[in-house]
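Okay, so here's the structure we're looking at.
The sequence lines fix the lettering, A, B, ..., with proteins before strands; numbering per chain opens at 1.
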Number of protein chains: 2
Amino acid sequence: MTKPTLFENITEVSEDVRNFFISKLEEIHAEKGYKLETAGEVSKYLYYISEGSARSFYIRDNRDITASFSLEGEFVTAMHSFITRSPSYETIETLEKSLLYRISYTDLQECFKKFPDLERVYRMILEKYYIALEEQMIFSKFKSARERYLELMEKKPKIIQRASVGHIASFLDMTIETLSRVRAKI
Amino acid sequence: MTKPTLFENITEVSEDVRNFFISKLEEIHAEKGYKLETAGEVSKYLYYISEGSARSFYIRDNRDITASFSLEGEFVTAMHSFITRSPSYETIETLEKSLLYRISYTDLQECFKKFPDLERVYRMILEKYYIALEEQMIFSKFKSARERYLELMEKKPKIIQRASVGHIASFLDMTIETLSRVRAKI
DNA sequence: AACTAGCCTTGACAAAAGTCAAAATGTCAG
DNA sequence: CTGACATTTTGACTTTTGTCAAGGCTAGTT
């Protein structure tokens, strides 16, 4: 997979703009557990996952709570921190050996100034982010522990393989014991 | 309150751009219960609430579930539908007599083409939307019924006055009975 | 193979919130 | 003001999920 893959979903950008943007990208070969962003620091980069997967989580009352999982072809960053330029409360790490492309906040702003077209691209990333969050919100609001697990299995089966029971349980907002019982009765 | 109030939070737009944008705005005087967007239809407008308040909800298993409350100074639309141009699953209605300004999807797109600066403005609206949703998500994830109610009281006390118990309960993801008990023990 | 550490599962019990039903209160037209 | 209807509160009981504790499984090490 090469850099241009990143643009597959993103349309209507001229060659020049594309090349300028690509010139700002940094390629990252990350091992499992590599920290993309760290809680307490201002999020520096917007990442594109070319291969692999990542997990965003934060610590609350000494517990590790998974906020989201990201797969190949998705963008990921500590969006709240990236937007507000305030310290992130989440940490993002790879779940496996991954190939990432990242652009720094400042370079991205420079891109926007130079090529307003890219503002549209970023807008679309934001929109996707928003929709994903909204869907997760609704999905978590009306379903029982069991239904939430079944839905994750259907929508992101790769996560079930890749993440630990603890990660999945906190993402689905239940204890590992409840998850274990749900799995036992499928 | 006049149209320019809308721009209070939104900076760095020239007079020309501002005027063009304002020329596309439509003023709406809405009575209580006026439907801004309707489930099943593609969301046509982005609204700005100048005075009043609104509630977004959807129907699931014959139940009316409140997704969000919006107050004066906020933008509101069925964002998912507005973004994807697919039918909305939510309906948005005013909670009281309200003064709104709205711009249609097509006019907004035209604005973006003509004045890329406005793309930035829209991006900022989207960012606010996103952050609000994220905060709501985290807030609902770790709190008990009681804590969720206390937090709503603190953050949007106006809602407690304006909305019915049923609306508030579904928003806080609890039954009206539970909400009633929570309120009894404050 | 035996030992260990970490992770996962299972069981017994507790807590939180939901359900159903009835009583109390509020609202409003006539 | 009164009756009718809708909304809210309260009570008894059920269901779901959480907590704590014990036991089992697996991979890596000696």
Side-chain angles (χ1 to χ4, degrees), chain A residues 31-33 53 55 57-67 69 93-97 136-153 157-186, chain B residues 31-33 53 55 57-67 69 93-97 136-153 157-186:
Chain A
E31 290 305 312
K32 175 175 175 171
S53 53
R55 178 178 85 98
F57 66 97
Y58 38 98
I59 305 297
R60 183 131 180 169
D61 306 331
N62 278 324
R63 287 180 155 190
D64 167 324
I65 314 267
T66 300
F69 292 111
E93 63 177 22
T94 52
L95 277 175
E96 61 192 303
K97 196 177 175 194
Q136 198 189 328
M137 181 98 194
I138 292 168
F139 135 84
S140 66
K141 205 162 183 167
F142 306 106
K143 308 220 165 174
S144 64
R146 178 153 210 280
E147 289 169 317
R148 296 201 295 283
Y149 179 72
L150 291 174
E151 186 150 334
L152 177 65
M153 254 183 91
K158 190 185 169 187
I159 294 303
I160 310 279
Q161 267 90 55
R162 205 80 18 130
S164 75
V165 173
H167 296 161
I168 297 170
S170 69
F171 175 68
L172 295 176
D173 200 11
M174 64 183 82
T175 59
I176 51 174
E177 290 93 335
T178 298
L179 177 55
S180 185
R181 285 177 185 119
V182 161
R183 293 177 108 156
K185 280 182 224 143
I186 285 180
Chain B
E31 290 305 312
K32 176 177 174 169
S53 53
R55 178 178 83 99
F57 65 97
Y58 36 100
I59 305 297
R60 182 129 179 172
D61 306 332
N62 277 322
R63 287 180 155 192
D64 168 324
I65 313 267
T66 300
F69 293 111
E93 63 177 23
T94 54
L95 277 176
E96 61 193 303
K97 196 177 176 195
Q136 198 189 329
M137 182 99 193
I138 291 169
F139 135 83
S140 66
K141 205 160 184 168
F142 306 104
K143 308 221 167 176
S144 65
R146 180 152 208 279
E147 291 170 317
R148 296 201 296 280
Y149 178 72
L150 291 175
E151 186 151 335
L152 178 65
M153 254 183 92
K158 191 184 168 188
I159 294 304
I160 310 280
Q161 269 89 55
R162 206 82 16 130
S164 75
V165 174
H167 295 162
I168 297 170
S170 70
F171 175 67
L172 294 176
D173 199 12
M174 65 182 82
T175 60
I176 51 174
E177 291 94 334
T178 298
L179 177 54
S180 185
R181 286 177 185 121
V182 161
R183 292 176 108 154
K185 278 182 227 144
I186 286 183

Between [atom1] of [X] and [atom2] of [Y], what distance do you get to the nearest 0.5 Å?
| X | Y | atom1 | atom2 | value |
| --- | --- | --- | --- | --- |
| A:Glu96 | A:Lys32 | CD | NZ | 8.5 Å |
| A:Thr175 | A:Arg63 | OG1 | CZ | 8.0 Å |
| B:Ser164 | B:Leu95 | OG | CG | 8.5 Å |
| A:Arg162 | A:Phe69 | CZ | CZ | 12.0 Å |
| A:His167 | A:Leu179 | NE2 | CG | 12.5 Å |
| B:Leu172 | B:Met153 | CG | CE | 12.0 Å |

Roughly, in whole Å, what's the span from [atom1] in [X] to [atom2] in [N]?
| X | N | atom1 | atom2 | answer |
| --- | --- | --- | --- | --- |
| A:Ile65 | D:dG18 | CD1 | P | 11 Å |
| A:Ile176 | D:dT17 | CD1 | P | 16 Å |
| A:Leu179 | D:dT17 | CG | C1' | 13 Å |
| B:Glu147 | C:dA16 | CD | P | 11 Å |

Once base and sugar-phosphate atoms are separated, protein heavy atoms under 4.0 Å mark nucleotides 17-23 of chain C, 5' to 3', with B, S and - as SSBB---
Return the minimal non-hydrogen interatomic distance between [X] and [Y], and the atom names on each side.
| X | Y | value |
| --- | --- | --- |
| A:Thr66 | A:Phe57 | CA-CB, 3.9 Å |
| B:Ser140 | B:Arg148 | CA-CD, 4.1 Å |
| A:Ile168 | A:Leu152 | CG2-CD2, 3.8 Å |
| B:Ser53 | B:Lys158 | CB-NZ, 4.3 Å |

Note: contacts of residues 158-166 of chain B with DNA chain C (heavy atom, under 4.0 Å) are none
Rounded to 10°, the angle between the first-five-pair and last-five-pair axes of the helix from C:dA1-D:dT30 to C:dG30-D:dC1 is 30°
